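Below is one structure, written out as structure tokens, with a few remarks after it.
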Amino acid sequence: MAATLPRAVAPTPRPAAAAAAGLLPLPRAAPLLLAGRAAARRLRARGARAPALAAARRSWAVSARAVLDVPRRRAPPPQKPVQEAADLNDILAERGACGVGFVANLKNEPSFNIVRDALTALGCMEHRGGCGADNDSGDGAGLMSGIPWDLFNDWGSKQGLAPFEKSHTGVGMVFLPQDESSAADAKAVVEKVFTDEGLEVLGWRPVPFNVSVVGRNAKETMPKIEQIFVKIAKEDDADDIERELYICRKLIERVAKSASWADELYFCSLSSRTIIYKGMLRSEVLGQFYLDLQNELYKSPFAIYHRRFSTNTSPRWPLAQPMRLLGHNGEINTIQGNLNWMRSREATIQSPVWRGRENEIRPFGDPKASDSANLDNAAELLLRSGRSPAEAMMMLVPEAYKNHPTLSIKYPEVIDFYEYYKGQMEAWDGPALLLFSDGRTVGACLDRNGLRPARYWRTSDGFVYVASEVGVIPMDESKVVMKGRLGPGMMITVDLETGQVLENTEVKKNVASANPYGNWLQESTRSIKPVNFQSSPVMDNETVMRHQQAFGYSSEDVQMVIETMASQGKEPTFCMGDDIPLAVLSQKPHMLFDYFKQRFAQVTNPAIDPLREGLVMSLEVNIGKRGNILEVGPENADQVTLSSPVLNEGELDSLLNDPKLKPKVLSTYFNIRKGLDGSLDKAINALCEEADAAVRSGSQLLVLSDRSEALEPTRPAIPILLAVGAIHQHLIQNGLRMSASIVADTAQCFSTHQFACLIGYGASAVCPYLALETCRQWRLSNKTVNLMRNGKMPTVTIEQAQRNFIKAVKSGLLKILSKMGISLLSSYCGAQIFEIYGLGQEVVDLAFCGSVSKIGGLTLDELGRETLSFWVKAFSEDTAKRLENFGFIQSRPGGEFHANNPEMSKLLHKAIREKSDNAYTIYQQHLASRPVNVLRDLVELKSERPPIPIGKVEPATSIVERFCTGGMSLGAISRETHEAIAIAMNRIGGKSNSGEGGEDPIRWSPLTDVVDGYSPTLPHLKGLQNGDTATSAIKQHQPFSGQEVYPEVIDAIENEKEVSKTYQIYNVDRAVCGRVAGAIAKKYGDTGFAGQLNITFTGSAGQSFGCFLTPGMNVRLVGEANDYVGKGMAGGELVVVPVDDTGFVPEDAAIVGNTCLYGATGGQVFVRGKTGERFAVRNSLGQAVVEGTGDHCCEYMTGGCVVVLGQVGRNVAAGMTGGLAYILDEDDTLVPKINKEIVKMQRVNAPAGQMQLKGLIEAYVEKTGSTKGAKILSEWEAYLPLFWQLVPPSEEDSPEACAEFERVLARQATAVKSAK
């Protein structure tokens, strides 16, 4: 039977003066309850307040309590929940970005050379890692390899041990406690578990090391390091042996958990196939520290190496990588949600391979471990349960398969695989290059955005290499038969037993073909089709008003948020920042959502561009039971798919009418008839029990609804975020969360932040019924009708208004996800990516377990009072006939306090204008007497030291010389702001930062034309003075290396000579040529250098090769390069070609990295080979010819010209507003790869365009010797029709793009003459 929701009907009659027993008469109580917010404003025992403010707060709180006479009780210290959710404090402490790679022999022949090559490569990755303040303690370095049996047998024979039986012997690399007694206890625990499991402990081996190379900080925490050897006689199957060792490790961790040394016992590896040597070391000393790695008996057919760069962390020995299966360069942004969902799965995970021992391998995650370690745990579970490494990676880190032209045409089974698992496993989302091995397969894969570099190459003598950078291992280029790169979502695997190398689609096709995923989806998965919006209001105006009042809407919420979204289809635009008090410090009532602040991507973790790179993002969610992740079958596909989490009433009805879901509607109200205290807690507990019973009875959909036929004064609605969070946590703690989805049917949600909160704490979808009703009411109001009739507002229908609102919410959600670097809403669901300001621990433990709430705050009863302060307004005779304006958005008299208020601005301007101490003192007094606004206002400085005489203090004039501004690019802030900041910092002797993209040369010279504060040079600024300069002292991207080039060309620069030089270059040489270009630009500007520098490099260039080139610089690289080639170049010529004697076809090889030609303002780049992702992004005047690119080519390009003589990736020309691109399309696959939002595609018909294209290819062939280019020129008539020209609107009338340019020019001339 379908579930039904109550519908709002006729207006609720106003109650009598006295409403409910135990409460004040509500009409009078309303303003008093609002005043009674005193208790909710306190942060007891949380630091001293300014005395006057504290006294004022105390007297106000006392008077409010005296009036209300509402008894307050301090809640007892809450008990921690039995089931701990992932804690954000632990998670935030462990993030990283690193350098990784592997070496593998296709003949599976172990050798010491492989280990030596891996250590060499690791040494060339030192710049990608972090180092402690002692300059010796690294953030971490490590190496995974096959087990070096020759080395261990040599040791064993000296100990009198028989040779190890390789197939039945496990080796554990163990970090033990430093303390000898604790280490002995730990070893005893380890041995007992092995013995109890029927394994024979063969012995312990102290791992030889050289402690002298360890840094001071690392030495303090260095564990005792030993290896344990065990014999597994009871199993013969290799996979069963690995499973037995996995169970043993899990049992050891469980037994040791209660010991004082538990955190000091750690298995780096425990396997019969692989072993890991790692530590808190710099990469170049890993091989010096572990003496085994210097021993030629250490032989392996493969090696994975890793150099860690920890962000926001205190490095620890166990967190060095590789982990047991993975080496991870990146960050998992959804980690808290991933951990919660993995915890939720523990009750459902089963597989025959575990023989009923699933309980012994729980838990599957560790909130105190790093994101990398937890991803490794999840992958290891899947692997030990029978999945291949490639399949596990596809499940955990899926590529962006939606609308993928290659997959949809050639590999539909791969799409089916991803669609099937989309409903089973939320993606572990974030920038990631993952290397993995189980000892039989070695592989690598990249995240869906391609936000970490990954290059690979194969040699004729049977080796495959993958690395974050090229050039990390000396290489005979004549032996290289293949060079490639991992693009977004791509994978490569090496089967060590067969020698087979599978690239991307081959790997995925093999995995996806194992089961009929497409058939299962077709049979069982349902989609909710879009349902038309309601065409008329459900409530009358008075009822709508009363609902808005009861649920906390203000006039700003309705007019500035909801109505703007309904009319424009996008979020309203406000100023940056929020200058009102935190909700917990405010004197105004706030909705619960206001206590939550969103986190965003930081440090090494870039945000996503939801406007131009939306192809990697999705708002799809699946509704229904999520089955056993270890089972594969049609029953797991029995779900409902939603295209977005925002539902209208009809779509919610469709869900409620799905019989397989067995939906259960839970009413979210609490009863205060017997008093407020304890009522909310009681209602939440009852709600959780009701949800629990429904799920145990088979319901797969819980709809939490505050919809009611009539609002009642003594039954306020539970804050919907509290209800969602509490049920989400309750189901997790009781092992039921995977059995049902949560949907919120609520009046309390209208802004994107509120939607994000609900989804982030467990809701799969939201039906904002009151917001939609508000849209309908707005559209039919006389004011709106008149505005549309008079042409002052675009005309929209009542349905369109609701559609616009939902469109705005969806765009806002994508923006929120993108700020955190998350691509998929399904991964954001339950991820709790918020920090809480002002909620007490009992509230957090009940509904937001694991979230950070450092300052404490409201109890449940206080939260109930705050909810009631809104609710009573709907029933008060005194309540105005319009919504209250709290002034949260715009400053207004009587509204919320704003730090940037008109009075403050007037006093500040007056003080500056008059340069008066007295005026400035008045301004200071105004600031000192302002209300509490931010947390620091609650704290005062305390010192027992006597004040220092002002004469002994460093003068302000010298202090400000150390002031620096943050790097903000022109465009991120306006030209006026950019230049005003630079002038201000130059005046005081500080430093401003240009940000990326440089600055106009007119800013470089001091002003000499200022009259009355104005200058024709900078006409948009006032208050200028002669002598002002608007140039930034700090220019971003200072060069790191290539210093030897500079001294050898300085004479040519000084005297404008021509000089030719040749140098060897290595991957550790970064930003080479940057310093030379800077010297030329400083002396001659962008175009004034009359000399010529011809500089040739051979080898593998590090990042940012050829950056900031200027006219007069001709740079040639024979070899290959990493990311950011030609970044910011302003002129000159940059040529990259492979060495002459290569074993690969140049046009098929990737020889430069990602984001090349970024932000170029001039010059030419010729690359004989392919480039990586985001080629020519933000290029404004550079010209380039290459033989292939990755995704997002020409993104945000504003000028210049790009020619591609081969294959390109997806999303070409996204955001391209200027310049032209010519792309060769030999196999007719280009069209679906173009982002046509701005550019149009056309053949090269204009004679000037044909000349431009041919001229660039001719120059390219001359500089590079490209055979592909030469063939195109020799068969020009055949190839020209195969080129597409991409033309943004700004270029449509240019001679290169307009075939009838001459006729258009003549027409324009005629028009000008006739106008005269």
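In this chain, numbering begins with 1 at the start of the sequence shown. These numbers were taken from a predicted model, which means no experiment stands behind them.
Taking a cutoff of 4.0 Å between a charged side-chain nitrogen and a carboxylate oxygen, Asp239 and Arg273 qualify as a salt bridge. Note on Arg205 versus Asp292: salt bridge recorded, some NZ/NE/NH1/NH2 to OD/OE distance being below 4.0 Å.
Side-chain contact between Asn1067 and Asn1122 is present, with at least one heavy-atom pair separated by less than 4.5 Å. Side-chain contact between Leu176 and Glu264 is absent, with no heavy atoms from C-beta onward closer than 4.5 Å. Between Phe302 and Met144 there is a side-chain heavy-atom pair separated by less than 4.5 Å. A 4.5 Å side-chain heavy-atom check between Val472 and Tyr465 finds every atom pair outside the cut-off. Between Val103 and Asn113, every side-chain heavy-atom pair lies at or beyond the 4.5 Å cut-off. Tyr456 has its side chain out of reach of Lys483: every pair of non-hydrogen atoms, C-beta onward, lies at least 4.5 Å apart. Between Leu381 and Met342, the closest side-chain pair of non-hydrogen atoms falls below 4.5 Å. In this structure, the side chains of Leu496 and Arg440 stay at 4.5 Å or more apart for every pair of heavy atoms.
In this structure, the side chain of Asn329 does not engage the main chain of Val100 through any donor-acceptor pair within 3.5 Å. With hydrogens and angles ignored, the 3.5 Å screen pairs a side-chain donor or acceptor of Ser271 with a backbone N or O of Thr274. At distances below 3.5 Å, at least one donor-acceptor pair connects side-chain atoms of Ser370 with backbone N or O atoms of Ala373. Under the 3.5 Å distance criterion, the side-chain polar atoms of Arg452 are left unmatched by any main-chain donor or acceptor of Pro431. Under a 3.5 Å cut-off, the side chain of Glu226 and the backbone N or O of Phe175 do not form any donor-acceptor pair. With hydrogens and angles disregarded, a donor-acceptor distance shorter than 3.5 Å links the side chain of Asn628 to the backbone of Gln350. Under a 3.5 Å cut-off, the side chain of Asp376 and the backbone N or O of Arg324 do form a donor-acceptor pair. Between the Glu165 side chain and the Lys231 main chain, no donor and acceptor come within less than 3.5 Å of each other.
Residues meeting the side-chain hydrogen bond (donor to acceptor under 3.5 Å, both in side chains) test with Arg362, sequence neighbours left out: Asn359. For Ser145, the side-chain hydrogen bond (donor to acceptor under 3.5 Å, both in side chains) partners two or more places apart in sequence, or in a different chain, are Tyr298. For Tyr421, the side-chain hydrogen bond (donor to acceptor under 3.5 Å, both in side chains) criterion is met by Arg387, not counting sequence neighbours. Ser283 meets the side-chain hydrogen bond (donor to acceptor under 3.5 Å, both in side chains) test with Glu126; sequence neighbours excluded.
Residues Leu339 and Pro367 approach most closely at CD1-CA, 3.9 Å, considering heavy atoms. Among all heavy-atom pairs drawn from Val494 and Ala104, the shortest one is CG1-CB, 4.3 Å. Residues Ser468 and Gly99 come closest through the heavy atom pair OG-CA, 3.7 Å. Nearest heavy-atom pair across Ala183 and Pro177 is CB-O, 3.5 Å. In this structure, Glu1120 and Ser1100 approach most closely via the heavy-atom pair OE2-OG, 3.0 Å. Between Arg249 and Phe267 the shortest heavy-atom distance is CD-CB, 3.8 Å.
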Dump the intermediate steps for salt bridge (charged side-chain N to carboxylate O under 4.0 Å, His left out) on Asp240 and Arg355, then the final yes or no.
-> CA-CA 11 Å; Asp240 286 336; Arg355 303 171 187 173; 3.2 Å; yes

Run the side chain to side chain contact (heavy atoms under 4.5 Å, CB included) check on Val190 and Ile228 step by step: do they pass?
-> CA-CA 9 Å; Val190 170; Ile228 186 170; 3.8 Å; yes

Might you work through the salt bridge (charged side-chain N to carboxylate O under 4.0 Å, His left out) test for Lys234 and Glu244, ending with a clear yes or no?
-> CA-CA 10 Å; Lys234 64 179 183 179; Glu244 178 59 44; 3.5 Å; yes

Can you check side chain to side chain contact (heavy atoms under 4.5 Å, CB included) on Phe463 and Ile114, steps first, answer last?
-> CA-CA 9 Å; Phe463 286 88; Ile114 287 176; 3.7 Å; yes

Does the salt bridge (charged side-chain N to carboxylate O under 4.0 Å, His left out) test come out yes or no for Glu197 and Arg357, once each step is laid out?
-> CA-CA 12 Å; Glu197 278 293 299; Arg357 303 189 67 181; 2.6 Å; yes

Salt bridge (charged side-chain N to carboxylate O under 4.0 Å, His left out) between Glu284 and Arg282: does it pass, once the steps are laid out?
-> CA-CA 6 Å; Glu284 60 190 7; Arg282 292 184 295 114; 2.2 Å; yes

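Among residue pairs with one or both ends in residues 171-181, those qualifying as salt bridge (charged side-chain N to carboxylate O under 4.0 Å, His left out) are Glu180-Lys224; sequence neighbours excluded.
A cation-pi contact, defined as under 6.0 Å to the ring centre and within 45° of the axis, links Lys187 to Trp204.
The number of heavy atoms from other shown groups lying within 6.0 Å of NZ (Lys479) does not exceed 12. Within a 6.0 Å radius of NZ in Lys166, no more than 12 heavy atoms belonging to other residues, nucleotides or ligands are found.
Aromatic ring centroids of Tyr290 and Phe209 lie 6.0 Å or more apart.
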Which atom pairs, donor and acceptor, lie under 3.5 Å between side-chain atoms of residues 149-164 and protein residues at least two apart or in another chain?
{"unit_1": "Asn153", "atom_1": "OD1", "unit_2": "Phe164", "atom_2": "N", "d": "2.8"}
{"unit_1": "Asn153", "atom_1": "ND2", "unit_2": "Trp149", "atom_2": "O", "d": "3.2"}
{"unit_1": "Asp154", "atom_1": "OD2", "unit_2": "Lys158", "atom_2": "NZ", "d": "3.3"}
{"unit_1": "Ser157", "atom_1": "OG", "unit_2": "Asn153", "atom_2": "O", "d": "3.4"}
{"unit_1": "Ser157", "atom_1": "OG", "unit_2": "Asp154", "atom_2": "O", "d": "2.8"}

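Going from atom OG of Ser385 over to atom CD of Glu380 covers 10.0 Å, rounded to the nearest 0.5 Å. Atom-to-atom distance recorded for Ile276:CD1 and Cys268:SG is 7.0 Å, nearest 0.5 angstrom.
Checked by atom type, the side-chain pair Gln321/Ser372 shows a donor-acceptor distance below 3.5 Å. Between the side chains of Glu242 and Ser272, at least one donor N or O lies within less than 3.5 Å of an accepting N or O. Inspection of the Gln288 and Asn210 side chains reveals no N or O donor paired with an N or O acceptor under 3.5 Å. Using a 3.5 Å distance cut-off with no hydrogens or angles, the side chains of Asp371 and His328 do not pair a donor with an acceptor.
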